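The analysis underlying the following values was restricted to heavy atoms, covering all of them including side chains, and did not include hydrogens, waters or symmetry mates. Here the structure is a predicted model, which is why all the values come from computation and not from measurement. Within every chain, numbering begins at 1; the chains are lettered A, B, ... in the order of the sequence lines, protein sequences first and strands thereafter.
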Amino acid sequence: MQNMRILQLHCDYIEFTPVKKEIKSAEEIDPQSKHFDEIVVAFVAVEEGDNSEVAKKAMNEISESMKKVGCNKLLLYPYAHLSSKLASPNTALSILKEMQSNVDGLDIHSAPFGWTKSYKLQVKGHPLAENSKSISAGEEKESTSEALKAESKIQSFWHIMTPDGKMHDINKFNFVKYQNLEVLAKYEAAKKRSVDEPPPHVKLMKKLAIADYEAASDAGNMRFFPNGRLIKSLIERYVTEQVVEYGGFEVETPIMYDSHHPSMESYFNRFPARQYNVQSEGKQLFLRFAACFGQFLMAKDFQMSYKNLPLRLYELTRYSFRREQSGELVGLRRLRAFTMPDCHAMCKDMEQSKEEFRKRFDLSRHVIKGIGLDESDFEMAIRFTEEFYNENKSFIEEIVSKIGKPVLVEMWKERFFYFVLKWEFNYVDSLGKASALSTDQIDIENGKRYNIEYIDENNKPQNPIILHNSPSGAVERVIYVLLEKAAKDQKEGRKPTLPLWLAPTQVRIIPIKPEFLEYCEKLAEKISQNNIRVDLDDRNESVGKSIRDAETDWIRYIIVIGEKEVNASKLSIRDRKTSSVKEMSVDEMIKEIREETKDMPFLKMNMSRYVSKRPQIMV
RNA sequence: GCCUCGAUAGCUCAGCCUGGUAGAGCGAACGCCUCGUAAGCGUUAGGCCGUGGGAUCGAAUCCCACUCGAGGCUCCA
């Protein structure tokens, strides 16, 4: 596309002298020096294809920005060096003349066209003094992938499927018992939203010193404090352990790729993502928005037999990047940099894919449950092409029946995406926002696109069907869900908590007086040796204050140590879950905690055991 | 990206409409208190009122732009 190039400078003064004619068609003028004070100088290069419309538009933009700097004197200065695709001199001259005559209210001068000029100018120091533009004839459009453009053309039909496999008209379905599903359905199908407050997890993520915005980065790139890092690590570890148990092979692939690599170019147009671009040594790179291509490119280099299938590759991407629209980013719900567990399974045919799909469906349900959500916390949506539905009705019905409640159905008349079937679990928050967590897809396209092959029973090369699963969804989003769920508890009068296995501090010990500190240290050591995160409030504060601080940090077990405990075997332990003080021995408490966190990963405390040694994180 | 709103001490916020010396609580430092299950007491330090411009004798306060955040639109494979 051709663009007129303009470099605009707000100057204290400019002085120029025409030296000699550069081209035949140069303007006939008297080569005298000229001097202007307090003036905006616009260096202009007219490119091939520029026309009157461009001239008009350019003048509008120039005069608009001149208003902002409070100046109405303009010098149009022909300046060929701004472009390598210059218009012919005659066209350029006529467009420049047109620009000069185009605007009311401005005092417009021009420097002679086609002359070599010597000049001297002084540019003002304010931020708006320098400014460059390129003006084109049509609407300016950001380059978007074909997929993004085409997506809006998809024709969808919405239904509700009940566990018995029956499809219901979405407008006639009785949602009385399924309010969250109704919200999801409206959210997805009717695109209805109505919220006038920020989501509660934003306050909580700061209050609990989990995560915060980092203004020095790009929007949607969060920073995680020790508590947040610990929680993330635990979730990451848990999901990874579960995927490995299911049979995933953990791999690691690069976070950036060459946009012009042949495998990338065609994939781009099938994956509607806005990506971050990076220029490096003449290469145009982009930051990955999923682990798909890394794993596909890897699988392509494997020599595979049908006997190896299904082959499950897994990567936990820290990070995946999607340059979402800035207005779309909120707290931990939707980010531009996020941690995504991504597991692909290469399957030999549709039968095997369906079998594998069932396993991964169960895996995802298990993972979500382990994280601390139950089935009433999310609503399922399942999406497929009409053709796939007609050929696989009983398979779809089987999947839906496992959930045991109605699910949202989106059916596409034609296949538009690379997959024929996809489901996801959506968390519906208290403000009625729906966000996808776990998801799986059956991809019938990318095996071929990436030239991934296996050798079948007849010694023939075949492209596998590929399943794309994230058993938990983005880790940051999981934290968002846990915090939103806690906020909901709080709103409804219950005490907000994190699942015990994720609590940064599981037990806090508070000595009544400093003289009991030594006893507390020994106690803490014993508890810690049992893989429990315990800390010690060694600040010289009142007991009431220390307990309050522990409560506002959502700490589950609080042990107060005084004269009585030092001399007895039982401790008084405050349990946040029951809001009561219980008499119990350390061993009983340890047993209780081990029982509640069994099968879940453990990591040591990520900060000093001593509360007095920690900085206050107030954000 | 577009529209609307917001930004004042480390945090939460008042002051802004109607321009004239910058306020509170929490937190921090120091000291006192030595405490039994959700805030013990006192003193002190801490501010380019987000950044840059404009109008004004004078701006946290009025105007403009930018940055960051929030809500809506759009988007969400």
Side-chain angles (χ1 to χ4, degrees), chain A residues 10 64-65 67-70 124-129 131 140-142 144-145 147-148 150-152 154 187-188 191-199 202-203 206-207 209 212-220 267-268 270-274 289-290 292 320 322-331 333-335 383 416-419 422 424 426 431 433-436 439 441 443 468 470 474 477 495 508 510-516 540-553 555 558-565 572-576 579-582 615-619:
Chain A
H10 189 193
E64 198 56 38
S65 55
K67 268 183 216 153
K68 285 176 193 161
V69 298
K124 288 183 181 293
H126 64 86
L128 296 178
N131 171 331
E140 301 99 4
K141 249 190 223 151
E142 196 175 78
T144 10
S145 72
L148 262 185
E151 205 183 7
S152 52
I154 310 167
Y187 193 84
E188 288 289 321
K191 307 282 181 195
K192 175 183 175 279
R193 280 141 241 199
S194 57
V195 182
D196 52 4
E197 51 183 311
V202 173
K203 256 191 179 158
K206 296 180 182 195
K207 184 183 101 78
D212 187 25
Y213 301 107
E214 172 53 77
S217 179
D218 189 29
Y267 191 64
F268 258 169
R270 295 298 275 150
F271 198 113
R274 298 176 167 84
F289 35 88
C292 301
S320 287
R322 294 184 199 176
R323 213 184 38 108
E324 306 291 3
Q325 298 182 86
S326 58
E328 210 17 60
L329 306 164
V330 201
R333 190 165 89 95
R334 196 164 176 78
L335 298 173
R383 302 157 202 258
F416 169 78
F417 300 109
Y418 52 76
F419 46 83
K422 133 175 225 228
E424 83 268 340
N426 292 281
L431 302 177
K433 295 276 191 175
S435 312
T439 179
Q441 306 165 353
D443 170 2
H468 300 233
S470 181
R477 185 170 280 184
K495 279 196 177 181
R508 170 156 300 166
I510 301 172
I512 282 172
K513 287 192 237 177
E515 59 183 278
F516 302 121
N540 192 5
E541 292 288 353
S542 69
V543 178
K545 172 70 180 289
S546 291
I547 287 176
R548 184 184 150 84
D549 286 352
E551 284 281 350
T552 54
D553 281 348
I555 294 170
I558 303 171
I559 310 179
V560 176
I561 298 294
E563 198 71 45
K564 207 172 76 188
E565 287 74 20
S572 354
I573 300 177
R574 191 178 161 110
D575 185 347
R576 182 174 173 78
S579 298
S580 62
V581 179
K582 287 188 281 195
Q616 292 263 336
I617 301 176
M618 302 195 98
V619 287

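Listed by chain and residue number, nothing satisfies the side-chain hydrogen bond (donor to acceptor under 3.5 Å, both in side chains) test with Thr439(A) (two or more places apart in sequence, or in another chain). For the salt bridge (Lys or Arg N to Asp or Glu O under 4.0 Å) test, no residue two or more places apart in sequence or in another chain qualifies with Arg477(A). For Glu424(A), the salt bridge (Lys or Arg N to Asp or Glu O under 4.0 Å) partners at least two apart in sequence or on another chain are Arg383(A), Lys422(A). Taking the side-chain hydrogen bond (donor to acceptor under 3.5 Å, both in side chains) definition, one finds that Ser470(A) meets it with nothing, sequence neighbours left out. Taking Lys203(A) as the reference, nothing meets the salt bridge (Lys or Arg N to Asp or Glu O under 4.0 Å) condition, with sequence neighbours excluded. Residues passing the side chain to side chain contact (heavy atoms under 4.5 Å, CB included) test with Ser217(A), sequence neighbours excluded: Glu214(A), Asn221(A). In this view, Lys495(A) and Glu551(A), Ser579(A) satisfy the side-chain hydrogen bond (donor to acceptor under 3.5 Å, both in side chains) rule, not counting sequence neighbours. For Gln325(A), the side-chain hydrogen bond (donor to acceptor under 3.5 Å, both in side chains) criterion is met by no residue, not counting sequence neighbours. With sequence neighbours excluded, the residues satisfying salt bridge (Lys or Arg N to Asp or Glu O under 4.0 Å) with Asp218(A) are Arg336(A).
Pair check for rA60(B) finds none; no Watson-Crick or G-U wobble contact set falls under 3.5 Å. Nucleotide rU74(B) is matched to nothing when pairs are restricted to Watson-Crick or G-U wobble geometry with both distances under 3.5 angstrom. With a cut-off of 3.5 Å on both pairing distances, the Watson-Crick or G-U wobble partner of rG40(B) is rC32(B). rA9(B) is unpaired under the criterion used here, namely a Watson-Crick or G-U wobble arrangement in which both key atom distances are under 3.5 Å. Base pairing annotation: rC48(B) forms no Watson-Crick or G-U wobble pair, as no partner gives both donor-acceptor distances under 3.5 Å. Taking a pair to require two hydrogen-bonding distances under 3.5 Å in either a Watson-Crick or a G-U wobble arrangement, rA55(B) remains unpaired. Here rG27(B) sits opposite no nucleotide as a Watson-Crick or G-U wobble pair (both hydrogen-bonding atom distances under 3.5 Å).
Between rC17(B) and rG69(B), the distance separating the two P atoms is 29 Å to the nearest Å. Of the C1' atoms belonging to rU51(B) and rC68(B), the separation is 11 Å, rounded to the nearest Å. With both ends at atom C1', the span from rU74(B) to rA65(B) equals 25 Å, rounded to whole Å. Taking the C1' atom of each, rG54(B) and rA14(B) are spaced 28 Å apart, rounded to whole Å. For the C1' atoms, the distance from rU56(B) to rA45(B) is 35 Å, rounded to whole Å. If you take atom P in rG50(B) and the same atom in rA22(B), they sit 14 Å apart, rounded to whole Å. Taking the P atoms as reference points, rG71(B) lies 22 Å from rA9(B), given to the whole Å. Look at the P atom in both rA70(B) and rU37(B): the space between them is 41 Å, to the nearest Å.
Val330(A) comes within 4.0 angstrom of sugar-phosphate atoms only, judged by non-hydrogen atoms across all strands, and of no base.
If you run ring pair (Phe, Tyr, Trp, His ring centres under 6.0 Å) between His468(A) and each of Tyr418(A), Phe417(A), Phe419(A), only Tyr418(A) comes through. Only one option out of Ile559(A), Asp553(A), Val560(A) pairs with Arg508(A) in a side-chain contact (heavy atoms from CB on, under 4.5 Å); it is Asp553(A).
What separates CG of Leu329(A) from P of rU74(B) is a distance of 17 Å, to the nearest Å. Look at CD on Glu324(A): it is 14 Å from P on rA70(B), rounded to the nearest Å.
Tyr213(A) contributes no side-chain N or O that, together with a main-chain N or O of Gly220(A), makes up a donor-acceptor pair within less than 3.5 Å.
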Grab the N/O contacts between the protein and nucleotides 11-14 of chain B below 3.5 Å, and write none if there aren't any.
none

Using a cutoff of under 3.5 Å, can you pull out all pairs of nitrogen or oxygen atoms linking the protein to nucleotides 4-8 of chain B, with atom names and distances?
none

Margin query: Can you build the contact string for nucleotides 34-41 of chain B? Use B for base contact, S for sugar-phosphate-only contact, and - for no protein heavy atom under 4.0 Å.
Written below: BBBBBBS-
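Looking at the side chain of Tyr213(A), the nearest of the listed nucleotides rA70(B), rC68(B), rC75(B) is rA70(B).
In terms of phosphate contacts, Gln325(A) brings no side-chain nitrogen or oxygen within less than 4.0 Å of OP1 or OP2 of rU74(B).
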